Amino acid sequence: EEGSRFYIINEGEVRCTRITAPGKEEELIRLTAQEFFGERALITNEARKANVIACGPVECLVLERSSFQSLLTDVQDDLVNEIQKRENKEKPAQVAEEQVDLGPRTNFNYDELRIMRTVGTGTFGRVKMVQHIATGQVCALKCMNKSEVVASHQERNIMAEKNLLF
C-alpha cells in the first residue's frame, strides 16, 4: 500500500509491526508522544513496510504528502538518519548497544547551587546559569512559575518538553 501521510504522535502510544509469515506478526518498535511515523514511504516512494497500531487512545498531527514535501525539505536528512537508526534497532545485536540511561544528569539540591546569572526568559519563567558549590559544575536551571503554567493549561506541553530532556 502506498503511504501518503506523515504522522506526529501528540499523545498516546503505537506499536509498529510487520507480517513475517501468514498469521504471524513481529513488533518492530513502539512510539510515543513527540515521535513520528510514515516518513519512509514519503521519502523513498516505496510501499508501506509496516503497520502502525494504537495501543490505546492516540492523538496524531498529520501532514499530507504535498505538505510534507514543502514544509519538511530542510529536515529530510534527519528523517533519513532516523529511518537508519530504526533499522539498526531491528537487529538484535544492535539493541543492547543502543540502550542508554537518559535519566537526570545531576542530582543536586537547590541549596547546593550558586546562581551565576539569568541566561534567558520566557512566558512561564527563566533559565539561570548555576554552579554546584561543591564540585564547581556549571548547569542550566529552568525555573518556572507553576501557577502560570496551570492557568494557561500548558501542563502537557511542559511535561513533553521535560520528557524530551530526560
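Keep in mind that what you see is a predicted model, and the values were worked out from it rather than measured.
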Are [X] and [Y] grouped together when hydrophobic residues (ILVMFWY) are joined by side-chain heavy atoms under 4.5 angstrom apart?
X: V75; Y: L42; result: yes
X: F6; Y: F37; result: no
X: Y7; Y: I29; result: yes
X: I83; Y: F36; result: yes
X: V58; Y: L31; result: yes

Rounded distance (nearest 0.5 Å) linking atom [atom1] of [X] with atom [atom2] of [Y]:
X: L79; Y: L72; atom1: CG; atom2: CG; result: 6.5 Å
X: N109; Y: N107; atom1: CG; atom2: CG; result: 7.0 Å
X: S152; Y: N157; atom1: OG; atom2: CG; result: 9.0 Å
X: L113; Y: Q137; atom1: CG; atom2: CD; result: 10.0 Å
X: Q34; Y: E11; atom1: CD; atom2: CD; result: 10.0 Å
X: R40; Y: E82; atom1: CZ; atom2: CD; result: 11.0 Å

More than 12 heavy atoms of other groups within 6.0 Å of R30 CZ: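 Count over threshold, so yes.
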Over 12 non-hydrogen atoms of neighbours within 6.0 angstrom of CG in D77: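 Counting neighbours around CG of D77, 12 or fewer heavy atoms of other residues, nucleotides or ligands fall under 6.0 Å, so no.
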Closest non-hydrogen atom pair, [X] against [Y]:
X: A41; Y: G3; answer: CB-CA, 3.8 Å
X: V149; Y: E155; answer: CG1-N, 3.9 Å
X: L28; Y: A50; answer: CD1-CB, 4.1 Å
X: V127; Y: K142; answer: CG2-CG, 4.2 Å
X: K49; Y: E46; answer: CE-OE1, 3.0 Å
X: L63; Y: S67; answer: CD2-CB, 3.9 Å

Partner of E59 by side-chain contact (heavy atoms from CB on, under 4.5 Å), out of I8, N10, I9: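 Only one option passes, and that is N10.
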Check whether any side-chain heavy atom of [X] lies under 4.5 Å from a side-chain heavy atom of [Y], and answer yes or no.
X: V80; Y: T44; value: no
X: K128; Y: C143; value: yes
X: I133; Y: E112; value: no
X: Y110; Y: I115; value: yes

Expected output: side-chain Q131 to main-chain G136 donor-acceptor under 3.5 Å: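 Flag set: sc Q131 to bb G136 pair under 3.5 Å.
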Check: E35 side chain, T32 main-chain N or O, donor-acceptor pair, under 3.5 Å: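 Yes.
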Which residues share a side chain to side chain donor-acceptor pair (under 3.5 Å) with E25, sequence neighbours left out: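 Result, side chain to side chain donor-acceptor pair (under 3.5 Å) vs E25: R15, T17.
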Partner set under side chain to side chain donor-acceptor pair (under 3.5 Å) for S70, not counting sequence neighbours: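 S70 satisfies side chain to side chain donor-acceptor pair (under 3.5 Å) with no other residue.
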